[in-house]
Amino acid sequence: MVEATNARITPGLLARLREWEGRSEALTDDVTPAPVRALSATLDRDDADPAPGTPLPPLWHWLYFLPRHRQSELGPDGHARLGGFLPPVPLPRRMWAGGRLQWNAPLQVGDAIERNSRIVSVTHKAGRTGDLVFVLVRHEVRNAGGVAVTEEHDIVYRAPPQPGDAVPPPQAAPGESAWSREIVPDDVLLFRYSALTFNGHRIHYDRQYVTEVEGYPGLVVHGPLIATLLVDLLRREMPQAKLRSFSFKAVRPTFDLHAFRVRGQPSPDGRNVRLWAQDHEGWLTMQADATIE
């Protein structure tokens, strides 16, 4: 394993990184009730105690197949050092940029599950603030009935900010919504979600590190947590709906310095829901679309 070094992405380096395309791994796990119970509490839900056969809510499969790296294998940012299944992109900032999911059947508490993952592509883009490398990973999650969830996971690697870097202009969130819920992203919420997903990335809980080393103004709210809160808003407003597909894209970081809002607007026919998150200034931070039945 190697450390991120903020190297320039040359054509030769990109070619070496693309050698990871097609690599795969398979992990197994069991849908145990304790993480379900704990995430329900973290999201401030009043759910019944999960029993064998209880359907796993959408996106809650992220509570399973957790990282297994030993403490000695972690880098200074709390992530695993580069190498292994993911390509060793030598850029220090690694973020979950978005994803697309489809549900064929529900996972259930008590299921023995398997996740098969494959690296689909490694691409490079020269952005306004330097090199960006995008890694697309496709997952299939199976239980005894076959493939229950398919997921495409977008990961972006980028260089740290430099003095004088251009700041991308913010995008205003939509003005009206049928649903809205305020979220207070305090230290405890971020810590609990990091613990539940065994996420050691220090930008979510180490204020000194995130401000002095990574240069952010505050703790960064997890992208998957915001996506989960968007789906949770849909579940609160339409508890009988079955989610068939969900796509989301992180637009702008959300920090723990202010409350933010998750909002939603169903289509007239009730089959689609537009969802988004916005910060305290009304800027769009995540956008998403859901298909339901």
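For the pair T42 and L39, the minimum side-chain heavy-atom distance is below 4.5 Å. In this structure, the side chains of Q171 and R252 stay at 4.5 Å or more apart for every pair of heavy atoms. Counting heavy atoms from C-beta on, the side chains of P87 and V133 never come closer than 4.5 Å. Counting heavy atoms from C-beta on, the side chains of R100 and D154 come closer than 4.5 Å. With contacts defined as side-chain heavy-atom distances shorter than 4.5 Å, the pair W179/P266 qualifies. When side chains are defined from C-beta on, V251 counts as touching Q287, because their heavy atoms get closer than 4.5 Å. Between R115 and D29 the shortest side-chain heavy-atom distance does not fall below 4.5 Å. Side-chain contact between L56 and V36 is present, with at least one heavy-atom pair separated by less than 4.5 Å.
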Side chain to side chain contact (heavy atoms under 4.5 Å, CB included) between I292 and L243: does it pass, once the steps are laid out? CA-CA 5 Å; I292 59 176; L243 188 61; 3.9 Å; yes
Would you check, one step at a time, whether the test side chain to side chain donor-acceptor pair (under 3.5 Å) holds for S267 with D269? CA-CA 5 Å; S267 63; D269 63 8; 2.6 Å; yes
Test side chain to side chain contact (heavy atoms under 4.5 Å, CB included) on E152 and L136 and set out the steps. CA-CA 7 Å; E152 290 186 336; L136 171 58; 3.9 Å; yes
What do the steps show when you test L234 against F246 for side chain to side chain contact (heavy atoms under 4.5 Å, CB included), and what is the final call? CA-CA 11 Å; L234 188 157; F246 179 73; over 6 Å; no
Evaluate H201 against W96 for side chain to side chain contact (heavy atoms under 4.5 Å, CB included), listing each step before the verdict. CA-CA 12 Å; H201 200 184; W96 192 322; over 6 Å; no
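In E25, the CD atom is crowded: over 12 heavy atoms of neighbouring residues, nucleotides or ligands sit closer than 6.0 Å. Heavy-atom neighbours of E281 CD from other residues, nucleotides or ligands within 6.0 Å: above the threshold of 12. Other residues, nucleotides and ligands contribute only 12 or fewer heavy atoms inside 6.0 Å of the CZ atom of R18. Heavy-atom contacts from other residues, nucleotides or ligands closer than 6.0 Å to CD of E176 number 12 or fewer.
The side-chain tip of R45 does not point at the ring of W60 from less than 6.0 angstrom away and within 45° of straight on. A cation-pi geometry, defined here as NZ or CZ lying under 6.0 Å from the six-membered ring centre and within 45° of its normal, holds between R274 and W276.
Atom CG in L190 sits 12.0 Å away from atom CZ in F255 (nearest 0.5 Å). Here the CG atom belonging to D77 is positioned 11.0 Å from the CG atom belonging to D206, to the nearest 0.5 angstrom. For the atom pair CG of N116 and CZ of R138, the computed distance is 11.0 Å after rounding to the nearest 0.5 Å. Once rounded to the nearest 0.5 Å, the distance linking CG of L189 with CG of L229 reads 7.0 Å. Separating the CD1 atom in I226 from the OG1 atom in T254 is a distance of 3.5 Å, to the nearest 0.5 Å. Note that the CD1 atom of I155 and the CZ atom of R94 stand 7.5 Å from one another [nearest 0.5 Å].
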Under 3.5 Å donor-acceptor pairs involving side-chain atoms of residues 217-224, not counting sequence neighbours:
from: H222; atom 1: NE2; to: S194; atom 2: OG; distance (Å): 2.7

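Under a 3.5 Å cut-off, the side chain of T291 and the backbone N or O of R244 do not form any donor-acceptor pair. Under a 3.5 Å cut-off, the side chain of D111 and the backbone N or O of V31 do not form any donor-acceptor pair. When atom types are taken as modelled, the side chain of S40 and the backbone of R37 share no donor-acceptor pair closer than 3.5 angstrom. In this structure, Y216 contributes its side chain and Y209 its backbone to no donor-acceptor pair below 3.5 Å.
Ion pairing between E293 and K242 fails under the 4.0 Å rule for side-chain N and carboxylate O. A salt bridge links R207 with D256; the closest basic N to acidic carboxylate O contact falls under 4.0 Å.
Grouping the Ile, Leu, Val, Met, Phe, Trp and Tyr side chains by contacts below 4.5 angstrom, directly or via other members, places F191 apart from L74. L59 and V109 fall within a single hydrophobic cluster, where Ile, Leu, Val, Met, Phe, Trp and Tyr are joined by side-chain heavy atoms under 4.5 Å apart, directly or via other members. Under a hydrophobic clustering in which Ile, Leu, Val, Met, Phe, Trp and Tyr are joined whenever their side-chain heavy atoms come within less than 4.5 Å, directly or via other members, L101 and M238 fall into the same cluster. Each of Y157 and L132 belongs to its own hydrophobic cluster when Ile, Leu, Val, Met, Phe, Trp and Tyr are linked at side-chain heavy-atom distances under 4.5 angstrom. Linking ILVMFWY side-chain heavy atoms closer than 4.5 Å, directly or via other members, places Y64 and V141 in a single hydrophobic cluster.
In this structure, P92 and A159 approach most closely via the heavy-atom pair CD-CA, 4.2 Å. The two residues F260 and D279 come nearest to each other via the heavy atoms CB-CA, 4.1 Å. Listed here is the closest heavy atom pair of S121 and E21: CA-OE2, 3.4 Å. Closest heavy-atom contact between L275 and G264: CD2-CA, 3.8 Å. In terms of heavy atoms, Q102 sits closest to S245 at CG-CB, 4.1 Å. Minimum interatomic distance between T228 and L43 (heavy atoms only, all atoms of both residues): CG2-CD1, 4.0 Å.
For the side chain to side chain donor-acceptor pair (under 3.5 Å) with S180, the qualifying choice from E237, Q265, R261 is R261, the only one to do so.
A side-chain donor from one of R263 and Q278 sits under 3.5 Å from a side-chain acceptor of the other.
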